[in-house]
Amino acid sequence: MEIPYTTTARPDTGLYNAKLGIWLFLASEVMLFGGLFSAYVLLRVGAPEGFWPHGWLSVTLGTVNTLILALSAITTLLAWVACKVGDFRKFKMFHAFTLLLALTFLCVKSYEYHDKWIHYEIHLKDGRIADGHLEEQDDQTVTILGRIIPGDQEQLLYDLRSQKNIPKDEIKLDRSNILKMENYGPRHNTFTAIYFTMTGLHALHILGGCVVIGFLWGPGTRMWKTDHERFTNRIEISGLFWHFVDLVWIFLFPVLYLT
Amino acid sequence: MSDTTSTSTSVDIKSTARLCGVVLFVIACTTAVMIYTSFQPFGWPAKVALILGVAVVNAFLVASYLMHLLSEKKMVFIVGFFTVCFFISLMGLTVWAMQDFPVGTTK
Amino acid sequence: MENTVKQFPPFREAPAHADHGHDHDAHHDHGHDHAGHEEHHEPGWMSKYIFSTDHKVIGIQYGLMSLLFMLFGFGLMILMRWQIANPAKPVPFLGPLLEKMLGQVASHGVISPELYNSFGAMHGTIMVFLGVVPLAFAAFGNYVVPLMIGAPDMTFPRINMASFHAFFLGGLVMLVSFFIPGGAAQAGWTSYSPLATTIPTNGQAFWLVGMVLLITSSLLGAVNFIATIIQLRAPGMTWMRLPFFVWAQFVTAFILLLAFPPLEAAGLLQLMDNVAHTSFFLPTGLAVGGRLADISGGGSPLLWQHLFWFLGHPEVYVLILPAMGIVCEVIVNNTRKPVYGYKSLVYSALFVGFLSFIVWAHHMYMTGMGQKIATFFQATTMIISIPSVIILTCLFISLWGGSIRFNTPMLFALAFLPMFGIGGLTGLPLGLAPADLYLHDTYYIIAHFHYVVAPGTIFGLFAGVYYWYPKITGRFMNEFWGRVHFACSFVFMNIVFMPMFLQGIKGMLRRMSDGAANYSAARVPGAIDTLPDNIIHLNHFILWAAVALGVAQIPFIINVFWSISHGEKVTSDNPWHATTLEWQTPTPPPHGNFTVEPQIARGPYEYSVPGAPTDFTPQNDPADKKATVAH
């Protein structure tokens, strides 16, 4: 039994099956991320005045990741073109770049996660708030590299750029003085929650894309010889998925890092 | 016997690479604009609108050139465009619903 | 829409590299296809029944699984009805078993309030996501749609298989959650936050994981259905020649594709709330058990409701549209005349699909939305009733002047019309905010949506089972027992749900494990707004009617299995004398479906065409035959 239009386009729709399939899948992905973005909008609109964090994330790292993904999107496209013109070496090279760039993206991302994970907000019993990165801790003391903020200026925490004039210092705190200590993990507030959820889901998509592209780059290339046209199609639809992941990041970056 | 729409024989790596270079350059520029805007001292609503506007331009570039939507049938592009509009209006509806309180009550 | 045969390429185009020519053999393969090894030797039991990629086998897998889940969900309901009618009395027969399996929550065989809540939540979840949707959409859609459009299979057979496996896993997770400490989810099938997060058991996390799997399954299914209907229509099968059932499935697939992902997003956020202790849906200052909860706060409970009902309302049309499609096929076939208003049916279905995305907040009038937004959603809600009524009216008018064959599928299809009518019309007061404020969360709601789904959709599905059974097995189901099944189901279904309207109008709230005993006039004499005894006594009446309804399903269950080997054999491939393509294949259809590629020459419902040799003209009859019914 043969299913029609697996490699060639149906004349009246202009699409082969898998291309239609991936576009439908991407439509549902739009709704998935759209649901998350609307959650973001509602949480942000609902936050009290002045308590939505600004500048908590490193713009430098975000920019680097934006450019990495844009570049990998382009190598994906070039790999597909190399497939179409039948240049095997170029195909291998371009997709190797795609994979490398994707892994670099994930490395940068996990560095950022770690950075948030060791970033603590410590409420002291005297009302002041210590905020900074954990250096070391034991049973009695906690040492952080950061700032101390008076309790009545808590809003400073929500706009890191306004803290610039408070000097950063190594601060040693006695555990007996600490009221509450919490890292910038998902439960810290709704911003970190939506940040970890959205970028986490996005990172899972990157990982999924890596698996697919890695398969097509490695064992999947068998099909290059047996059914070249179908293989080219596979590269195209995996590329479409990859570009979509890039597209999501294009919105995630300004929404989380810049505004 | 290749199909008619997706596999045109006129492609070559060099011209595509040139196009890609342009797209990458534009994306880098728009990203720089976004970052520059975010550090400027004007109100958040205007800033957010501006930055998101630039992001939409970026997204349009990726969708139409890298995802080669422009070379697909016009119909696909139009359907996609209307879907985006529909979705944005849905989101607007929801935000409106959250801000619309019964008469005589407050947050 | 005419003369389209030319614009299509030959049906099975031989790829350029293949060395054999164009042929119609259903059993050839190119080596790279999904089932490369299946052609040359008889596949083993596992690959034939568990890892099958054949749409017909997958359809049957879905059908059997979802019927089992429906039976299970029905069983939960009987237990709940026992508890409502006889609060805190041990369940007869099953009580000791419940205690043994579930432990503390069912001590002494009594259903505790927590267990009642679990049963309530899981009854809804199982019936909707594991029972009706898989049966209506996945089972019938899988089996019938490719046959109806003249396709050899679905476009992505392996994704089709993966869809069933995800469904199976999701169902498994849901079932397992009954046996974890604390039991299954207790926050209702709507899982409103913060309740769903503050209940200190893990049932909700299991529910969410199960839902993510089920959503994945229906997503894969939806992609497959849409791609199949767009890409694999046989030559000449233009859009306006598609049977209405295919249109219904097409719209349903789009709803599933676009409405389910926001629920998946919401599910992920709630999972984060439950597992990573975030506060997406938990407001600032939330107190649990009299103490301030240890959360960051800042979330919005309304956000969950928006995201949930953004799926929840389109889901209603996922439940009803396939049943409407089945009913249309059965009615047209048994009245022996063309359907009235084919185009109105199609456009109404499309319009319903579109509008179903902008009515969701009519479930939320009680949440304190403002009047402006409520007005918007009231307006859209009233508008969406118009296409539903058009569909129903077209089906009613189709009966006019037909020489109707009253066989079992037709009886169920005919019963669908008034039953869905009752369900739909009683929904109108709920769509208007002032009436809804009073009726919200009462038994009136329960009666309303059960009339839509139980005697509505499920009757449509029964019609489908009786109608397509001869195609699937080559034998009819027993007609006598089919009629017994119909008559008893019809009577008892109404006895179960009709009194609930009364209870609801009198103000009896849903989700109370004591069946409103606390609000009875007998318990608090002289208090205002109590429930009279005769209203509460209806609970007993409903319980025994529900038990009788359960007994009425026994003939059906026996009939399904007995008829596989003992039913009356069909004498032709087209025993109902139908026009649509699924009857133009061998019985049962082989792998690859059609022995000769169908060439479609006419619309789907050409019955009793003047001058035609028979009173039905199949869609693939050659065009030169006389057939001139205009739409």
Side-chain angles (χ1 to χ4, degrees), chain A residues 5 7-11 13-16 19 23 26-27 30-31 34 37-38 41-42 44-46 52 54-55 59-60 62-63 66-67 70-71 73-78 80-82 84-85 87 90 94 161 229 232-233 236 239-240 242-244 246-248 250-251 253-255 257-259, chain B residues 1-9 11-17 19-21 23-24 27-28 30-32 34-35 37-39 44 47-52 54-56 58-59 61-63 65-69 72-73 75-76 79-80 83-84 87-88 90-92 94-95 97-99 107:
Chain A
Y5 313 116
T7 46
T8 53
R10 182 176 163 124
T13 58
L15 298 163
Y16 56 90
K19 200 175 198 173
W23 274 111
L26 292 185
V30 167
M31 294 305 284
F37 272 109
S38 52
V41 171
L42 294 190
R44 180 167 173 166
V45 170
W52 187 260
H54 296 291
V59 175
T60 321
T63 313
T66 306
L67 294 178
L71 197 59
I74 279 162
T75 55
T76 317
L77 189 73
L78 290 174
W80 175 52
V81 175
K84 282 214 283 194
V85 299
D87 191 334
K90 283 231 168 79
F94 282 129
R161 287 170 199 166
E229 203 171 340
T232 312
N233 287 346
E236 183 185 8
L240 284 175
W242 192 254
H243 293 138
F244 173 78
D246 181 27
L247 211 59
V248 171
I250 281 180
F251 284 103
F253 171 61
V255 157
Y257 288 73
L258 296 182
T259 61
Chain B
M1 54 160 283
S2 70
D3 59 336
T4 48
T5 48
S6 63
T7 322
S8 53
T9 44
V11 292
D12 66 298
I13 297 183
K14 265 202 184 129
S15 65
T16 318
L19 175 74
C20 286
V23 171
L24 185 65
I27 287 178
T30 48
T31 309
M34 281 199 280
I35 294 166
T37 315
S38 85
F39 282 96
W44 281 113
K47 214 190 252 190
V48 170
L50 207 66
I51 291 178
L52 283 185
V54 179
V56 167
N58 260 352
L61 281 176
V62 172
Y65 290 103
L66 300 189
M67 296 171 98
H68 46 87
L69 256 185
E72 301 286 352
K73 289 205 164 182
M75 168 99 163
V76 181
V79 168
T83 313
V84 170
F87 180 74
I88 289 172
L90 276 185
M91 234 156 105
T94 317
V95 174
M98 300 286 275
Q99 300 302 308
K107 239 176 188 176

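Within every chain, numbering begins at 1; the chains are lettered A, B, ... in the order of the sequence lines, protein sequences first and strands thereafter.
The only member of B:Leu50, B:Ile51, B:Val54, B:Asn58 that meets side-chain contact (heavy atoms from CB on, under 4.5 Å) when paired with A:Pro254 is B:Ile51.
Interface remark: B:Thr83 contributes no atoms to any contact with chain A (heavy atom separation under 4.5 Å). No part of A:Val248 comes within reach of chain B, as not one of its non-hydrogen atoms sits under 4.5 angstrom from that chain. When heavy atoms are compared at a cutoff of 4.5 Å, B:Leu69 approaches chain A solely by way of its side chain, counted from C-beta outward. Interface remark: A:Leu240 contributes backbone and side-chain atoms alike to the contact with chain B (heavy atom separation under 4.5 Å). Contacts of A:Thr13 with chain B are made by backbone atoms alone, with heavy-atom separations under 4.5 Å and no side-chain atom involved. Residue B:Ile35 touches chain A through both its backbone and its side chain, counting heavy-atom pairs closer than 4.5 Å. Using a 4.5 Å cut-off between heavy atoms, A:Phe94 touches chain B through its side chain atoms alone.
Applying the 6.0 Å contact sphere to OH of B:Tyr65 captures no more than 12 heavy atoms from other residues, nucleotides or ligands. Atom NZ of B:Lys47 sits in a crowded spot, with more than 12 heavy atoms from other residues, nucleotides or ligands closer than 6.0 Å.
Within the model, atoms CD1 of B:Ile13 and NZ of A:Lys84 stand 11.5 Å from one another, a figure rounded to the nearest 0.5 Å. Taking CE from B:Met67 and CH2 from A:Trp23, the interatomic distance works out to 4.0 Å, rounded to the nearest 0.5 Å.
A:Val59 has its side chain out of reach of B:Ser38: every pair of non-hydrogen atoms, C-beta onward, lies at least 4.5 Å apart. Under the 4.5 Å side-chain criterion, counting only non-hydrogen atoms from C-beta, B:Met34 is not in contact with A:Thr66.
Residues that satisfy the side-chain contact (heavy atoms from CB on, under 4.5 Å) test with B:Leu24, not counting sequence neighbours, are A:Ala70, A:Leu71, A:Ile74. Scanning for side chain to side chain donor-acceptor pair (under 3.5 Å) contacts around B:Thr37 gives an empty result, with sequence neighbours left out.
For the set A:Thr259, A:Ile250, A:Val81, A:Leu258, the entry with the most heavy-atom pairs within less than 4.5 Å of chain B is A:Leu258.
Among all heavy-atom pairs drawn from B:Ala59 and A:Phe251, the shortest one is CB-CE1, 3.6 Å.
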